[in-house]
Amino acid sequence: MARPRFRNLDRETRHRILETAAAEFAARGFEGTSLNQLIDRLGISKGSFYYYFDDKADLFTTVVDYAWATVLPVERLDLAQFGADSFWPALQSLMREARARVHDNPWLVGFTRLMYDPPESISVREALAEKFAEVRQWQAGLIRRGQDVGAVRSDMPPELLQAMLAGADEAGDRWFVDNWDRLEEAEIERLFEEVFAIYRRMLARPPAG
(Lines give C-alpha, C1' and ligand atoms only; values in the text may rest on other atoms or scores of the structure.)
Protein backbone atom coordinates (compact mmCIF):
# COMPACT_ATOMS: atom_id res chain seq x y z
CA MET A 1 0.00 0.00 0.00
CA ALA A 2 0.96 3.65 -0.37
CA ARG A 3 3.54 5.06 1.97
CA PRO A 4 2.34 7.03 5.01
CA ARG A 5 3.48 10.29 3.38
CA PHE A 6 0.77 9.81 0.70
CA ARG A 7 -1.88 9.58 3.40
CA ASN A 8 -0.58 12.87 4.79
CA LEU A 9 -1.64 14.68 1.63
CA ASP A 10 -4.90 16.59 1.78
CA ARG A 11 -8.02 14.57 0.99
CA GLU A 12 -8.76 16.33 -2.31
CA THR A 13 -5.27 15.69 -3.67
CA ARG A 14 -5.29 12.04 -2.64
CA HIS A 15 -8.66 11.45 -4.25
CA ARG A 16 -7.65 13.24 -7.44
CA ILE A 17 -4.52 11.10 -7.80
CA LEU A 18 -6.36 7.85 -7.11
CA GLU A 19 -9.32 8.59 -9.37
CA THR A 20 -7.04 9.72 -12.21
CA ALA A 21 -5.03 6.52 -11.82
CA ALA A 22 -8.20 4.42 -11.75
CA ALA A 23 -9.40 5.96 -15.01
CA GLU A 24 -6.02 5.34 -16.66
CA PHE A 25 -5.90 1.71 -15.52
CA ALA A 26 -9.50 1.18 -16.64
CA ALA A 27 -8.81 2.63 -20.08
CA ARG A 28 -5.51 0.87 -20.79
CA GLY A 29 -5.35 -2.10 -18.42
CA PHE A 30 -2.60 -2.63 -15.88
CA GLU A 31 0.02 -3.90 -18.32
CA GLY A 32 -0.94 -1.37 -20.99
CA THR A 33 -0.58 1.60 -18.67
CA SER A 34 2.79 3.28 -19.13
CA LEU A 35 4.17 4.40 -15.78
CA ASN A 36 5.76 7.50 -17.31
CA GLN A 37 2.52 8.51 -19.03
CA LEU A 38 0.57 7.74 -15.88
CA ILE A 39 2.84 9.95 -13.79
CA ASP A 40 2.37 12.71 -16.34
CA ARG A 41 -1.43 12.37 -16.13
CA LEU A 42 -1.26 12.47 -12.34
CA GLY A 43 0.42 15.85 -12.57
CA ILE A 44 3.31 14.95 -10.30
CA SER A 45 7.03 14.42 -10.82
CA LYS A 46 8.62 10.98 -10.97
CA GLY A 47 10.39 11.80 -7.71
CA SER A 48 7.06 12.61 -6.05
CA PHE A 49 5.56 9.38 -7.37
CA TYR A 50 8.26 7.27 -5.73
CA TYR A 51 7.94 9.40 -2.61
CA TYR A 52 4.32 8.17 -2.33
CA PHE A 53 4.37 4.69 -3.95
CA ASP A 54 6.84 1.86 -4.40
CA ASP A 55 5.82 1.15 -8.01
CA LYS A 56 2.87 0.87 -10.37
CA ALA A 57 1.51 -2.19 -8.55
CA ASP A 58 1.62 -0.28 -5.26
CA LEU A 59 -0.46 2.50 -6.80
CA PHE A 60 -2.89 -0.04 -8.23
CA THR A 61 -3.43 -1.75 -4.87
CA THR A 62 -3.96 1.65 -3.25
CA VAL A 63 -6.67 2.36 -5.82
CA VAL A 64 -8.20 -1.06 -5.05
CA ASP A 65 -8.47 -0.13 -1.38
CA TYR A 66 -9.94 3.26 -2.24
CA ALA A 67 -12.46 1.80 -4.70
CA TRP A 68 -13.64 -0.80 -2.21
CA ALA A 69 -14.02 1.77 0.57
CA THR A 70 -16.01 3.98 -1.80
CA VAL A 71 -18.53 1.32 -2.83
CA LEU A 72 -18.78 -0.83 0.29
CA PRO A 73 -17.05 0.52 3.40
CA VAL A 74 -17.61 -2.70 5.38
CA GLU A 75 -15.42 -1.56 8.27
CA ARG A 76 -18.01 1.16 8.97
CA LEU A 77 -21.09 -1.04 8.63
CA ASP A 78 -22.62 -1.94 11.99
CA LEU A 79 -24.51 -5.24 11.92
CA ALA A 80 -26.52 -4.05 14.93
CA GLN A 81 -28.58 -1.91 12.53
CA PHE A 82 -29.98 -5.12 11.02
CA GLY A 83 -32.82 -6.00 13.41
CA ALA A 84 -35.82 -8.29 13.05
CA ASP A 85 -37.95 -5.67 11.29
CA SER A 86 -35.16 -3.57 9.82
CA PHE A 87 -32.97 -6.32 8.34
CA TRP A 88 -34.28 -6.33 4.78
CA PRO A 89 -35.01 -2.58 4.53
CA ALA A 90 -31.49 -1.84 5.85
CA LEU A 91 -29.91 -4.21 3.33
CA GLN A 92 -31.96 -2.73 0.51
CA SER A 93 -30.88 0.76 1.56
CA LEU A 94 -27.24 -0.39 1.62
CA MET A 95 -27.49 -1.70 -1.95
CA ARG A 96 -29.11 1.53 -3.12
CA GLU A 97 -26.35 3.57 -1.52
CA ALA A 98 -23.72 1.43 -3.25
CA ARG A 99 -25.41 1.94 -6.61
CA ALA A 100 -25.56 5.70 -5.98
CA ARG A 101 -21.84 5.79 -5.21
CA VAL A 102 -21.07 4.04 -8.50
CA HIS A 103 -23.31 6.52 -10.33
CA ASP A 104 -21.50 9.44 -8.68
CA ASN A 105 -18.05 7.96 -9.38
CA PRO A 106 -18.04 6.68 -13.01
CA TRP A 107 -14.38 5.60 -12.76
CA LEU A 108 -15.51 2.78 -10.47
CA VAL A 109 -17.14 0.82 -13.29
CA GLY A 110 -14.08 0.43 -15.48
CA PHE A 111 -11.77 -0.17 -12.56
CA THR A 112 -14.06 -2.85 -11.11
CA ARG A 113 -13.73 -4.76 -14.38
CA LEU A 114 -9.99 -4.94 -13.71
CA MET A 115 -10.56 -6.20 -10.17
CA TYR A 116 -12.44 -9.17 -11.60
CA ASP A 117 -9.75 -9.73 -14.22
CA PRO A 118 -6.56 -8.79 -12.34
CA PRO A 119 -3.01 -8.55 -13.68
CA GLU A 120 -0.42 -11.21 -12.92
CA SER A 121 1.23 -9.06 -10.24
CA ILE A 122 1.44 -11.08 -7.02
CA SER A 123 1.01 -8.02 -4.81
CA VAL A 124 -2.11 -6.95 -6.72
CA ARG A 125 -3.65 -10.42 -6.54
CA GLU A 126 -2.88 -10.67 -2.83
CA ALA A 127 -4.52 -7.29 -2.20
CA LEU A 128 -7.62 -8.31 -4.14
CA ALA A 129 -7.81 -11.66 -2.35
CA GLU A 130 -7.72 -9.81 0.96
CA LYS A 131 -10.57 -7.52 -0.09
CA PHE A 132 -12.74 -10.36 -1.38
CA ALA A 133 -12.11 -12.26 1.87
CA GLU A 134 -13.10 -9.17 3.84
CA VAL A 135 -16.41 -8.94 1.99
CA ARG A 136 -17.09 -12.67 2.41
CA GLN A 137 -16.46 -12.33 6.13
CA TRP A 138 -18.92 -9.46 6.33
CA GLN A 139 -21.49 -11.44 4.34
CA ALA A 140 -21.10 -14.35 6.74
CA GLY A 141 -21.67 -12.03 9.70
CA LEU A 142 -24.70 -10.54 7.98
CA ILE A 143 -26.25 -13.96 7.46
CA ARG A 144 -25.59 -15.04 11.04
CA ARG A 145 -27.15 -11.79 12.23
CA GLY A 146 -30.16 -12.40 10.01
CA GLN A 147 -30.61 -15.90 11.41
CA ASP A 148 -30.26 -14.61 14.97
CA VAL A 149 -33.05 -12.05 14.51
CA GLY A 150 -35.26 -14.40 12.48
CA ALA A 151 -35.00 -12.55 9.15
CA VAL A 152 -32.85 -15.16 7.36
CA ARG A 153 -33.78 -18.79 6.96
CA SER A 154 -32.30 -21.15 9.54
CA ASP A 155 -33.10 -24.42 7.77
CA MET A 156 -29.78 -24.23 5.89
CA PRO A 157 -26.21 -23.87 7.20
CA PRO A 158 -25.04 -20.24 7.25
CA GLU A 159 -21.88 -21.24 5.38
CA LEU A 160 -23.97 -22.57 2.50
CA LEU A 161 -26.14 -19.46 2.42
CA GLN A 162 -23.05 -17.27 2.41
CA ALA A 163 -21.54 -19.26 -0.46
CA MET A 164 -24.77 -18.86 -2.44
CA LEU A 165 -24.89 -15.13 -1.71
CA ALA A 166 -21.23 -14.63 -2.66
CA GLY A 167 -21.70 -16.47 -5.95
CA ALA A 168 -24.82 -14.53 -6.86
CA ASP A 169 -23.25 -11.24 -5.78
CA GLU A 170 -20.14 -11.75 -7.90
CA ALA A 171 -22.15 -12.86 -10.92
CA GLY A 172 -24.37 -9.80 -10.62
CA ASP A 173 -21.45 -7.42 -10.18
CA ARG A 174 -19.66 -8.83 -13.21
CA TRP A 175 -22.78 -8.47 -15.35
CA PHE A 176 -23.42 -4.90 -14.25
CA VAL A 177 -19.88 -3.64 -14.88
CA ASP A 178 -19.81 -5.38 -18.27
CA ASN A 179 -23.13 -3.84 -19.33
CA TRP A 180 -23.23 -0.57 -17.38
CA ASP A 181 -22.32 1.70 -20.28
CA ARG A 182 -25.20 0.55 -22.47
CA LEU A 183 -27.91 0.75 -19.80
CA GLU A 184 -30.11 3.74 -19.06
CA GLU A 185 -30.17 4.88 -15.44
CA ALA A 186 -33.80 3.85 -15.00
CA GLU A 187 -32.99 0.34 -16.22
CA ILE A 188 -30.00 0.08 -13.86
CA GLU A 189 -32.24 1.08 -10.97
CA ARG A 190 -34.91 -1.43 -11.97
CA LEU A 191 -32.42 -4.27 -12.32
CA PHE A 192 -30.81 -3.48 -8.95
CA GLU A 193 -34.22 -3.73 -7.30
CA GLU A 194 -34.89 -7.04 -9.05
CA VAL A 195 -31.51 -8.39 -7.92
CA PHE A 196 -32.29 -7.41 -4.35
CA ALA A 197 -35.64 -9.21 -4.62
CA ILE A 198 -33.81 -12.34 -5.77
CA TYR A 199 -31.41 -12.15 -2.81
CA ARG A 200 -34.36 -11.80 -0.46
CA ARG A 201 -36.26 -14.74 -1.93
CA MET A 202 -33.12 -16.85 -1.70
CA LEU A 203 -32.23 -15.99 1.90
CA ALA A 204 -35.38 -14.87 3.71
CA ARG A 205 -37.01 -17.05 6.33
CA PRO A 206 -39.92 -18.92 4.72
CA PRO A 207 -43.38 -17.97 5.95
CA ALA A 208 -44.67 -20.12 8.82
CA GLY A 209 -46.90 -22.99 7.76
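For clarity, every value in this text was computed on a predicted model and none was experimentally measured.
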Check: So with a 6.0 Å cut-off around CD of Glu185, is the heavy-atom count from everything else above 12?
Finding: yes

Checklist line | Partner of Gln139 under side chain to side chain donor-acceptor pair (under 3.5 Å), chosen from Gln162, Glu134, Arg144 | finding: Gln162

Item checked: Heavy atoms of other groups near Asp104 CG, more than 12 under 6.0 Å -> yes

Check: Between Arg145 and Phe82, is NZ or CZ placed under 6.0 angstrom from the six-membered ring centre and within 45° of the ring axis?
Finding: no

Check: Side chains of Gln147 and Met156: closer than 4.5 Å at any heavy-atom pair?
Finding: no

Item checked: Distance-only side-chain donor-acceptor flag, Arg182 / Asn179, under 3.5 Å -> yes

Check: Is Val152 close to Trp88 at the side-chain level, that is, under 4.5 Å between some pair of heavy atoms?
Finding: yes

Checklist line | Set of residues satisfying side chain to side chain contact (heavy atoms under 4.5 Å, CB included) with respect to Asp181, sequence neighbours excluded | finding: Arg113

Item checked: Heavy-atom check, side chain of Tyr199 versus side chain of Met95, under 4.5 Å -> yes

Item checked: Nearest heavy-atom neighbours spanning Ala26 and Gly110 -> CB-C, 3.5 Å

Checklist line | Closest heavy-atom pair and its distance - Ala21, Val63 | finding: CB-CG2, 4.0 Å

Margin query: Please report the interatomic distance CG(Leu165) to CD(Glu170), rounded to the nearest 0.5 Å.
Written below: 11.5 Å

Notebook entry, point to check: If you round to the nearest 0.5 Å, how far is CG of Leu18 from CG of Leu42?
Noted result: 9.0 Å

Notebook entry, point to check: Would you say the side chain of Glu189 lies within less than 4.5 Å of the side chain of His103, judging by non-hydrogen atoms?
Noted result: no

Note to self: Looking at every non-hydrogen atom in both residues, tell me the closest pair between Pro89 and Asp85 and how far apart they are.
What the structure shows: CD-O, 3.6 Å

Check: With side chains defined as the heavy atoms from C-beta onward, is the minimum distance between Val102 and Phe176 less than 4.5 Å?
Finding: no

Check: side-chain contact (heavy atoms from CB on, under 4.5 Å) between Lys56 and Glu31: does it pass, once the steps are laid out?
Finding: CA-CA 10 Å; Lys56 185 170 69 170; Glu31 289 84 1; 5.6 Å; no

Margin query: I'd like to check Arg7 versus Pro4 (side-chain heavy atoms, cut-off strictly below 4.5 Å). Are they in contact?
Written below: yes

Note to self: Evaluate Phe53 against Phe49 for ring pair (Phe, Tyr, Trp, His ring centres under 6.0 Å), listing each step before the verdict.
What the structure shows: CA-CA 6 Å; Phe53 307 101; Phe49 178 86; 5.4 Å; yes

Next item on the list: Check whether the ring centres of Tyr116 and Phe132 lie less than 6.0 Å apart, and answer yes or no.
Entry: yes

Next item on the list: Give a yes or no on whether the backbone of Gln81 and the side-chain of Asp78 come within a donor-acceptor separation of less than 3.5 Å.
Entry: no

Item checked: Residue pair Arg205 / Gly150: nearest heavy atoms and the distance that separates them -> CD-O, 3.3 Å

Checklist line | Neighbour count above 12 (heavy atom, 6.0 Å) for Leu160 CG | finding: yes

Check: Using 30° and 60° as the class limits, which term best fits the ring planes of Phe25 and Phe30: parallel, tilted or perpendicular?
Finding: parallel

Item checked: Sole residue of Asp55, Asp54, Asp58 in salt bridge (charged side-chain N to carboxylate O under 4.0 Å, His left out) with Arg3 -> Asp54

Item checked: Test: Glu120 and Arg125 ion pair at under 4.0 Å -> yes

Margin query: Check this for me: Gln37, atom CD, are more than 12 non-hydrogen atoms of other residues, nucleotides or ligands nearer than 6.0 Å?
Written below: no

Notebook entry, point to check: Roughly how far, to the nearest 0.5 Å, is the CD1 atom of Ile143 from the CD atom of Glu159?
Noted result: 9.5 Å

Check: Just how far is it from atom CD of Glu194 to atom CD of Glu187, taken to the nearest 0.5 Å?
Finding: 9.5 Å

Notebook entry, point to check: Does Leu91 reach the side chain of Leu142, with side-chain heavy atoms less than 4.5 Å apart?
Noted result: yes

Next item on the list: Can you measure from CG (Leu128) to CG (Asp65) and round to the nearest 0.5 angstrom?
Entry: 10.5 Å

Note to self: Cation-pi check for Tyr51 against Arg5: NZ or CZ below 6.0 Å from the six-membered ring centre and within 45 degrees of the axis, yes or no?
What the structure shows: yes

Check: Between Leu108 and Val71, is any pair of side-chain heavy atoms under 4.5 Å apart?
Finding: yes

Next item on the list: Tell me, with the steps shown, if Phe111 and Met115 meet side-chain contact (heavy atoms from CB on, under 4.5 Å).
Entry: CA-CA 7 Å; Phe111 191 74; Met115 291 197 288; 3.9 Å; yes

Checklist line | From CA spacing to verdict: side-chain contact (heavy atoms from CB on, under 4.5 Å), Phe6, Leu59 | finding: CA-CA 11 Å; Phe6 176 73; Leu59 172 59; over 6 Å; no

Item checked: Interatomic spacing from OH in Tyr66 to CZ in Arg14 - rounded to 0.5 Å -> 8.5 Å

Next item on the list: Considering non-hydrogen atoms only, spot the tightest contact between Trp107 and Ala22 and give its length.
Entry: CE3-CB, 3.4 Å

Checklist line | Derivation of the side-chain contact (heavy atoms from CB on, under 4.5 Å) call for Phe60 and Leu114 | finding: CA-CA 10 Å; Phe60 190 94; Leu114 292 182; 4.0 Å; yes

Margin query: In this structure, would Met164 and Ile198 fall into the same cluster of hydrophobic residues linked by side-chain contacts under 4.5 Å?
Written below: no

Notebook entry, point to check: Going through the checks in order, is the salt bridge (charged side-chain N to carboxylate O under 4.0 Å, His left out) test met by Arg16 and Glu12?
Noted result: CA-CA 6 Å; Arg16 178 187 60 78; Glu12 182 177 347; over 6 Å; no

Item checked: Ala127 to Thr61 - nearest heavy-atom pair and separation -> CB-CG2, 3.7 Å

Note to self: With a 4.5 Å cut-off on side-chain heavy-atom distances among I, L, V, M, F, W and Y, is there a chain of contacts connecting Ile39 to Leu9?
What the structure shows: yes

